Amino acid sequence: MGLPLRKSKVCPPPTCPLSEVLGLLRGAWAPNVIWQLSGEPRRFGELRHDMPKISARVLSARLRELETRGLVTRRVLDTSPPSAEYSLTPLGRELLPAIDALACVGRKLIEEWEMHQRKVALS
């Protein structure tokens, strides 16, 4: 039998800002959804068309998460059948430069990998 766990009387340190922003982007496809919404508001079907590899279930979950976190807004359109349109909030737009920077590094990594593959094929 162990000793009882005592509660700390010291206030915990503030949360790491990097952890906070990465928490906003957690989950597969979240950065992709934000990127797809960067141009203009999109309906669910349009987002599915823009990202053919994402399942409807995952897209729906990501949109709900991003809406809960205040990055995306959902507006129900007065159509028959009813439809919803998703757009970025100002906070969601603030993430675009960071996502763009990650995409830039990703493009460089892809280019380097392709160059490496060409060198291997030639040797």
Side-chain angles (χ1 to χ4, degrees):
M1 190 187 235
L3 295 173
L5 188 64
R6 297 178 293 186
K7 292 188 179 185
S8 174
K9 294 181 177 152
V10 178
C11 292
T15 308
C16 171
L18 187 56
S19 295
E20 285 297 309
V21 75
L22 290 175
L24 290 174
L25 296 175
R26 79 167 188 235
W29 298 100
N32 301 70
V33 172
I34 292 170
W35 186 255
Q36 292 298 330
L37 292 173
S38 67
E40 61 185 345
R42 309 289 284 161
R43 294 188 310 274
F44 185 87
E46 293 170 331
L47 288 168
R48 278 291 314 271
H49 182 268
D50 295 341
M51 299 181 288
K53 293 183 180 180
I54 191 171
S55 70
R57 180 179 174 190
V58 171
L59 177 58
S60 182
R62 287 307 150 261
L63 287 167
R64 276 194 304 272
E65 280 180 22
L66 294 171
E67 184 180 9
T68 300
R69 294 185 173 145
L71 302 175
V72 169
T73 58
R74 180 179 186 267
R75 183 173 69 100
V76 177
L77 303 173
D78 188 23
T79 58
S80 182
S83 184
E85 186 176 74
Y86 299 89
S87 60
L88 290 177
T89 64
L91 180 61
R93 290 207 164 279
E94 286 188 41
L95 290 170
L96 291 173
I99 293 171
D100 186 43
L102 290 170
C104 184
V105 172
R107 283 189 289 273
K108 288 178 184 175
L109 290 171
I110 291 168
E111 288 171 11
E112 287 182 18
W113 174 254
E114 289 172 349
M115 274 196 317
H116 174 73
Q117 290 297 91
R118 283 194 293 272
K119 287 180 185 175
V120 169
L122 292 174
S123 50

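Any value given below was found using the heavy atoms of this structure, including those in side chains, with hydrogens, waters and symmetry copies removed. All values derive from a computational prediction rather than experimental measurement.
A distance-only check finds no donor-acceptor pair linking the side chain of S60 to the backbone of A56 [under 3.5 Å]. Without hydrogens or angle criteria, E46 side chain to R43 main chain gives a donor-acceptor distance under 3.5 Å.
Rounding to the nearest 0.5 Å places CG of L96 at 6.0 Å from CG of L88. One distance of note links CD of E85 with CZ of F44; it measures 14.5 Å at 0.5 Å rounding. Rounding to the nearest 0.5 Å places CG of L22 at 8.0 Å from SG of C16. Residue R107 holds its CZ atom at 10.5 Å from CG of L102, rounded to the nearest 0.5 Å. From Q36, atom CD reaches atom CG of L59 across 10.0 Å, with rounding to the nearest 0.5 Å.
L63 has its side chain within reach of L47: a pair of non-hydrogen atoms, C-beta onward, lies under 4.5 Å apart. Looking at heavy atoms from C-beta onward, E114 lies in side-chain contact with R118 at the 4.5 angstrom threshold.
None of L37, L24, V33 except one satisfies the side-chain contact (heavy atoms from CB on, under 4.5 Å) rule with L66; the exception is V33.
The heavy-atom pair separating R62 from A30 by the smallest distance is CD-N, 4.1 Å. Looking at every heavy atom in both residues, E65 comes nearest to R26 through OE1-O, 4.0 Å. Of all the heavy atoms in I54 and R48, the pair that sits closest is O-NE, 3.2 Å.
Between R74 and E67, no side-chain nitrogen of the basic residue sits less than 4.0 Å from a carboxylate oxygen of the acidic one, so the salt-bridge criterion is not met.
The hydrophobic clustering, which links ILVMFWY residues whose side-chain heavy atoms are closer than 4.5 Å, places I34 and L91 together. When the side chains of ILVMFWY residues are joined at heavy-atom separations under 4.5 Å, either directly or via intervening members, L95 and L18 end up in a single hydrophobic cluster.
Looking only at atom types and distance, the side chain of T73 has no donor-acceptor partner in the side chain of T89 under 3.5 Å away. Judged purely by distance below 3.5 Å, without hydrogens or angles, the side chains of Y86 and R42 never pair a donor atom with an acceptor atom.
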